[in-house]
There are 2 protein chains.
Amino acid sequence: MSQPLDSDMFVGCASGTPLIRVGDKWTAKIVVCLRDGPRRFSELQVPLRGITAKVLTESLRSMERDGLLTRTAYAEIPPRVEYALTPLGRSLLVPMAVGCAWSREHQPELLDARRAYDHQTPTG
Amino acid sequence: MSQPLDSDMFVGCASGTPLIRVGDKWTAKIVVCLRDGPRRFSELQVPLRGITAKVLTESLRSMERDGLLTRTAYAEIPPRVEYALTPLGRSLLVPMAVGCAWSREHQPELLDARRAYDHQTPTG
DNA sequence: CCGCATCCTGTGCGATACTG
DNA sequence: CAGTATCGCACAGGATGCGG
């Protein structure tokens, strides 16, 4: 172990663009919201507490562009738009579940470490 | 399927604070760099192309605070500081590997979708 | 109901210069 | 070598108002 680190080790790495943009604030949650079937714009705003229409629109457009979901607009009065996961978007649930499992399992440990670190009396 | 979405569904969710801060630009890469053993500050700067001392310091401090790594300073001339993963930090490699696997497997699909989306002639 | 336009703010990140 | 201090930008995302 402990060979010198390769200066190119992250050059082509997929996380150059950070993990395909699942690391942002909303993408993962939107995937979860669509897990059980198509949802309307205003339906998504409910669990995504406090998200503004602008930001939700941006997130949905970006995910549509990446093939994670489809957007279907119905020419009705009042208008209705539905968003649904594609198979690609649905496949994201797998790595997300693993991440959540890690989080559930280790969060107490992490919080303890954080408390211990913050309680070091600086001039002890 | 398609029960109404619960407005509280993300309230206690671990990703309220975004997945314990692995979604940022550097944390995951630092974990990878430390996988094979302790590393010095300047060693880490090599593969982390272009990271400034300030940002690397901030990242390492934050990870130390969260119990992901340990910092050991040796009172020598010239100074030497080594960073090493804790078991908690090492455990992050598992979900990270799953995420990378997803990325490797689906990135072409995602890129195709993106190209298709971008090539829609707006005024067809 | 859906979503775009405009404006504004917080902050992650980078550049540069300096210290023990 | 391993940081700290200061400055500044870019960009995600929030507030508000208007349009189809």
Side-chain angles (χ1 to χ4, degrees), chain A residues 2 4-5 10 15-30 33-34 38-66 68-84 122-123, chain B residues 4-5 10 15-30 33-34 38-66 69-84 117 120 122-123:
Chain A
S2 285
L5 293 171
F10 293 121
S15 67
T17 53
L19 272 176
I20 312 287
R21 184 128 219 93
V22 184
D24 75 340
K25 193 171 177 180
W26 301 109
T27 301
K29 289 181 181 179
I30 292 171
C33 289
L34 295 177
R39 296 289 181 182
R40 304 182 57 173
F41 188 90
S42 49
E43 255 182 311
L44 292 172
Q45 284 185 298
V46 177
L48 268 25
R49 295 262 194 101
I51 194 174
T52 59
K54 177 203 161 197
V55 173
L56 181 53
T57 300
E58 285 171 356
S59 302
L60 290 168
R61 284 287 189 283
S62 165
M63 293 172 70
E64 186 192 4
R65 186 170 101 101
D66 287 350
L68 300 179
L69 54 78
T70 57
R71 176 181 184 277
T72 311
Y74 298 91
E76 305 171 354
I77 305 293
R80 183 165 55 99
V81 182
E82 283 193 341
Y83 297 90
T123 333
Chain B
L5 293 171
F10 292 121
S15 67
T17 53
L19 270 175
I20 312 289
R21 184 131 218 90
V22 185
D24 74 341
K25 191 171 178 181
W26 301 110
T27 301
K29 289 181 182 179
I30 292 172
C33 288
L34 296 177
R39 295 290 181 181
R40 303 181 57 170
F41 188 90
S42 50
E43 254 182 312
L44 293 172
Q45 285 184 298
V46 177
L48 269 24
R49 296 260 192 104
I51 193 173
T52 59
K54 177 201 160 197
V55 173
L56 181 53
T57 300
E58 286 170 355
S59 302
L60 291 168
R61 286 283 192 283
S62 166
M63 293 172 70
E64 187 192 3
R65 187 169 100 100
D66 286 351
L69 53 78
T70 58
R71 176 182 184 276
T72 310
Y74 298 90
E76 304 171 355
I77 305 294
R80 184 165 55 98
V81 181
E82 285 193 340
Y83 296 90
Y117 186 95
Q120 289 168 14
T123 333

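Lettering of chains follows the sequences in order, A, B, ..., and the numbering in each one begins at 1.
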Below the 4.0 Å mark, does [N] have OP1 or OP2 next to a side-chain nitrogen or oxygen of [X]?
X: B:Arg71; N: D:dA2; value: no
X: B:Tyr83; N: D:dG3; value: yes
X: B:Arg49; N: C:dC13; value: no

Exercise. What one-letter contact string describes nucleotides 14-20 of chain D from 5' to 3', where B marks a base within less than 4.0 Å of any protein heavy atom, S marks contact via sugar-phosphate atoms alone, and - marks no contact?
Worked result: BB----B
Exercise. Which angle, rounded to 10°, do you find between the first-five-pair axis and the last-five-pair axis of the helix from C:dC1-D:dG20 to C:dG20-D:dC1?
Worked result: 40°
Extract all donor-acceptor atom pairs below 3.5 Å that involve side chains of residues 50-61 of chain B and protein atoms in other chains or at least two apart in sequence.
{"unit_1": "B:Thr52", "atom_1": "OG1", "unit_2": "B:Val55", "atom_2": "N", "d": "3.4"}
{"unit_1": "B:Thr57", "atom_1": "OG1", "unit_2": "B:Ala53", "atom_2": "O", "d": "2.7"}
{"unit_1": "B:Ser59", "atom_1": "OG", "unit_2": "B:Val55", "atom_2": "O", "d": "2.9"}

Euclidean distance, atom [atom1] of residue [X] to atom [atom2] of [N] [Å, nearest integer]:
X: B:Ile77; N: C:dG20; atom1: CD1; atom2: P; result: 13 Å
X: A:Lys29; N: D:dA12; atom1: NZ; atom2: C1'; result: 15 Å
X: B:Leu48; N: D:dG3; atom1: CG; atom2: C1'; result: 16 Å
X: A:Arg61; N: D:dG13; atom1: CZ; atom2: P; result: 17 Å
X: B:Gln45; N: C:dG14; atom1: CD; atom2: P; result: 12 Å
X: B:Leu44; N: D:dA2; atom1: CG; atom2: P; result: 9 Å
X: B:Asp24; N: C:dG10; atom1: CG; atom2: P; result: 21 Å
X: B:Leu60; N: C:dG12; atom1: CG; atom2: C1'; result: 16 Å

For this session: Please determine, for the side chain of A:Ser42, which listed nucleotide (D:dA2, C:dC1, C:dC2) has the closest atom?
Result: C:dC2
Exercise. With respect to the side chain of A:Arg40, which nucleotide from D:dG3, D:dC1, C:dC2 is positioned closest?
Worked result: C:dC2
How many angstroms lie between atom [atom1] of [X] and atom [atom2] of [Y], to the nearest 0.5 angstrom?
X: B:Tyr83; Y: B:Glu64; atom1: OH; atom2: CD; answer: 7.5 Å
X: B:Ile30; Y: B:Leu69; atom1: CD1; atom2: CG; answer: 7.5 Å
X: A:Met63; Y: A:Thr70; atom1: CE; atom2: OG1; answer: 11.0 Å
X: A:Asp66; Y: A:Ser62; atom1: CG; atom2: OG; answer: 5.0 Å

Might you point out which heavy atoms bring [X] and [Y] nearest each other, and give the distance in Å?
X: B:Glu82; Y: B:Pro38; value: OE1-CB, 3.8 Å
X: B:Glu76; Y: B:Arg80; value: OE2-NH2, 2.9 Å
X: A:Leu48; Y: A:Cys33; value: CD1-SG, 3.9 Å
X: A:Leu44; Y: A:Pro47; value: O-CD, 3.3 Å

Exercise. Which residue, B:Glu43 or A:Glu58, contacts DNA chain D at a nucleotide closer to its 5' end, judged by nearest heavy atom?
Worked result: B:Glu43
